[in-house]
Amino acid sequence: LMNSIAWHETPLIQGDFLKTSAEDAVVPSGLHVISDFITDEDVTMLTNIIEGNRHLWQHKGFEERKRIQRYTVSLSPQFDWIVDKITSAIGDTLSTSATKRPSEIIIEERKSTSFVSNRCNTFETSTSEVRTECTCVSAKILDNCKCSCYVAQLSLNAECIQLIDKPKERKADCWDVVSPQHRYKFLMEPKTLICKTGESLWNWRSRITLASGANNQDSIDGNTQRSSVTIAFRQVVTSNASSRGNQEKNEIINNVCKKKVDKDDKDVEDSSLPQVLSVIVTTSPIKSNPSTEVLERAFATFHHGGNEFMEVEKLIVCDGVRLHCGRDDSTSGNQARKFTKKYQNAKQALRNGIATSIQIEKYELFKTALKKLCEEASGVKSSPFFNTRVVELNERHGYGFALRHALYYEVKTPYVCVIQHDRTFMRSTPIKEVVNVMMNKNTNGAIKYVGFSMRSNLTYRDIFMSKYGPGAFDELQDMILYPPELANDCKYGRNGSSLDDGIIYSEALKKNLRSLAKSYFSGSMQYRSHLKAEKYGKHQLSLTPTIFWFDNIHICETSHYRKFIFDPKLKMVAKGGFVEDKLSPVITKSVERLGLKKGHGRFGSYLLDDHSGYFFTGHLDGGSFMTEEERTRLLIKGKNMSK
């Protein structure tokens, strides 16, 4: 990271300068830099104090694995000498003799890990120095530069990088900055003091990371892993009213879920599934066109959702295409939008909605055959295409905006089940039970999205634990829901009957799944953390909070998609792309900024698991899918070549 950044010396208002990543960076007023503020002897003294209090270390942070020590200045005389030095320096810098001593000291140690190295460039999430307002701001003193609050930051032993930005609004969920020049990095050199007052303290956000080029190889405890230690001296007086206003509300956990269903909720449970749920199936050109086999195989698994699920309205949204201007298109009269960008292979091009004239002709034949399937299934409840209609888009939208079109203009139910054309149900799946949980008034609408497990997220709790550490995992466990509607006698779970009706295409796949289940039960946190939830002789399915929005088969509130996920002001989904690609990083940033409970609560996304060791959904890989006829031809060709 250090080597990839071109640093520019940007003058400060007070006469010093910052090394910034942007040549035209806008420097906030109230930001002060004092180079070589402490000596090597001072560094040694501070290091000895911190090392002597190693029992005070607490692991903190969500994305970064860092640990902190906190001290109250009035109760920590060992820091008096550095506190006096800080107070005097800030008084000189601000040209005032009334500078207050810091009230709090926060020491943070950041270690360079492969996880942080891989992600820090992707999720450069900044937060306000203080989430609540001080009494000066409340009294409108800040504009007169009379606010006495400050935060002084000192990098002790290694170069760090601080990312700062100025949001358009001082809100935790405001992602937009005033201008590109109001977002950049600056270098924090060892033994240099950074002081923030006024605008730089209250109106700008920041985040500190360890520079990958930092040469320090010793942590406080003598670990040879690269690390940095920063110390923040804080003098901020917050208003009690503001603090109270920012206290988190109690989350709805299992106490609410254990409440008996009241009369109104019984009415919800009695509602038929077709009244409250629609299905959206998205499709686009693939190489197996004009064959409809991919969709037929996907629809053939819908019976695993139950008889009522077979009767809900199903919308097949056929995305538009862009015409690739290749050699075979010179005489084409196709009206599709022309596009000349090259991709590595045909699969990648089709994935991006770019097709040749021949592929477009096959896609048109595919849509015609699809409409015929739906017409023939009209009135035939036993057909998986019963109550299905085709929606054609005139231009390329991409998965995300094709889904958006259907939600805005076609869906009339409060809930929607979203399925991509090559996604399948592998066994019986509790569709209606999940909808009942989401509609239960006792949950206050906290559950907005429920994803059904697939191979890659079957052990999501283990994935979360490995990425974010035991502290975050303990908090995640407290947020796992065990709704009574998802308790059953024998259908789901390790020996449930749902495993008997599963789709197994080959003996090799069966062997693979058994091996996966064995590892699930032998050592996965996903299973071990669930054992305590088994009560009263029933098997309990769980809803685990997820900070990744999986585009795999899921059920979601229609209004949540319309009013929040696809809110044009928030820009959480990009046209032409998948929902999960841009939305998942937004959820991660929200969690980093607001904390796991509050940051996740805005999205309300959960994963369903019955802890059987098997996943609910599968993937046919439409991009590489071969029809039965193609597979037969390939098999015959292979036999002929072997002769």
Side-chain angles (χ1 to χ4, degrees), residues 1 4 21 61-66 113-128 161-169 171-177 180 182-185 205-209 212 351-352 398-401 403-404 418 420 448-449 451 454 456-457 460-461 463-469 472-473 475-476 479 544-552 554 556 560-561 563-607:
L1 184 62
S4 62
S21 60
F62 186 77
E63 182 203 29
E64 292 185 274
R65 297 177 182 178
K66 64 184 178 184
T113 64
S114 59
F115 172 67
V116 173
S117 302
N118 293 336
R119 292 171 64 92
C120 67
N121 292 332
T122 305
F123 301 122
E124 296 176 319
T125 302
S126 54
T127 58
S128 300
I161 292 175
Q162 185 163 166
L163 169 76
I164 63 173
D165 65 54
K166 184 178 181 180
K168 290 184 177 179
E169 297 180 81
K171 294 181 179 179
D173 57 354
C174 178
W175 314 108
D176 297 326
V177 294
H182 287 79
R183 178 183 175 87
Y184 55 89
K185 306 177 183 74
R205 301 181 297 211
S206 64
R207 175 178 184 253
I208 299 175
T209 60
S212 61
R351 183 180 174 87
N352 287 274
Y399 164 77
F401 271 51
L403 172 61
R404 175 178 176 267
V418 181
Q420 295 178 56
K448 303 181 183 301
Y449 160 107
M454 55 183 174
S456 63
N457 64 18
Y460 178 77
R461 298 182 195 178
I463 297 170
F464 186 94
M465 173 76 165
S466 66
K467 284 188 175 182
Y468 307 121
F473 181 74
E475 189 174 2
L476 180 80
M479 297 167 60
T544 302
T546 172
I547 61 172
F548 192 96
W549 188 280
F550 294 95
D551 284 336
N552 183 46
H554 62 274
C556 186
H560 188 55
Y561 257 131
K563 298 179 181 179
F564 182 58
I565 304 301
F566 287 115
D567 185 341
K569 294 180 181 179
L570 298 178
K571 300 178 182 178
M572 294 191 293
V573 181
K575 187 172 183 179
F578 289 86
V579 176
E580 65 182 26
D581 290 344
K582 191 172 181 182
L583 180 59
S584 299
V586 172
I587 301 175
T588 303
K589 291 180 180 181
S590 178
V591 167
E592 292 168 359
R593 191 166 288 168
L594 304 176
L596 184 55
K597 289 184 179 179
K598 191 172 181 180
H600 168 267
R602 303 167 70 244
F603 299 89
S605 48
Y606 293 83
L607 285 178

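For reference, positions follow the sequence shown, starting with 1. What you are looking at is a predicted structure, and each value in this text was computed from that prediction instead of being measured.
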Worksheet, complete the sentence: So OG1 of T588 and CZ of F603: to nearest 0.5 Å the spacing works out to 9.0 Å

Practice prompt. Over all heavy atoms of both residues, which pair between G599 and S590 is shortest? Give the atoms and the distance, please.
Written response: O-OG, 3.2 Å

Item to complete: Give the minimum heavy-atom separation between M572 and V586, together with the two atoms involved.
Response: SD-CG1, 3.6 Å

Worksheet item: Just wondering, are more than 12 heavy atoms of other shown residues or ligands nearer than 6.0 Å to NZ in K575?
Response: yes

Discussion item. Nearest 0.5 angstrom please: F548 CZ to L607 CG, how far?
Written reply: 10.5 Å

Fill in: side chain to side chain contact (heavy atoms under 4.5 Å, CB included) between Y399 and V418, worked out
CA-CA 11 Å; Y399 164 77; V418 181; 3.3 Å; yes

Worksheet item: Is there a donor-acceptor contact under 3.5 Å from the side chain of S206 to the main chain of I164?
Response: no

Worksheet item: Do the non-hydrogen side-chain atoms of F566 and V579 ever get within less than 4.5 Å of each other?
Response: yes

Worksheet item: Mind checking whether H600 and Y606 have parallel, tilted or perpendicular rings, split at 30° and 60°?
Response: perpendicular

Response to the item:
Closest non-hydrogen atoms of L163 and K185, given as atom of the first, atom of the second and distance, are CD1-CG, 4.0 Å

Discussion item. Set out, in order, the CA-CA distance, both residues' side-chain angles and the distance that settles side chain to side chain contact (heavy atoms under 4.5 Å, CB included) for I547 and Y460, then state yes or no.
Written reply: CA-CA 10 Å; I547 61 172; Y460 178 77; 3.5 Å; yes

Practice prompt. Find the distance between OH (Y184) and NZ (K166) and round it off to the nearest 0.5 Å.
Written response: 11.0 Å

Response to the item:
So CZ of F550 and CE of M454: to nearest 0.5 Å the spacing works out to 5.0 Å

Discussion item. Check for me whether R404 meets the cation-pi criterion with F401, that is, NZ or CZ under 6.0 Å from the six-membered ring centre and within 45 degrees of the ring axis.
Written reply: yes

Discussion item. So does P167 get a backbone contact from the side chain of H182, meaning a donor-acceptor N/O pair under 3.5 Å?
Written reply: no

Worksheet item: Of all residues at least two apart in sequence or in a different chain, which pass the salt bridge (charged side-chain N to carboxylate O under 4.0 Å, His left out) check with K582?
Response: none

Item to complete: Drop me the distance from I565's CD1 to C556's SG, to the nearest 0.5 angstrom.
Response: 6.5 Å

Response to the item:
Output for pair (D165 CG, R205 CZ), nearest 0.5 Å, gives 4.5 Å

Worksheet item: Between Y449 and Y561, does the ring centre distance come in under 6.0 Å?
Response: no

Worksheet entry | Which atom of W549 lies closest to which atom of E580, heavy atoms considered | O-CB, 2.7 Å

Worksheet item: Got a donor-acceptor contact below 3.5 angstrom from the Q420 side chain to the D551 backbone?
Response: yes

Item to complete: Over all heavy atoms of both residues, which pair between D567 and K563 is shortest? Give the atoms and the distance, please.
Response: CB-O, 3.5 Å

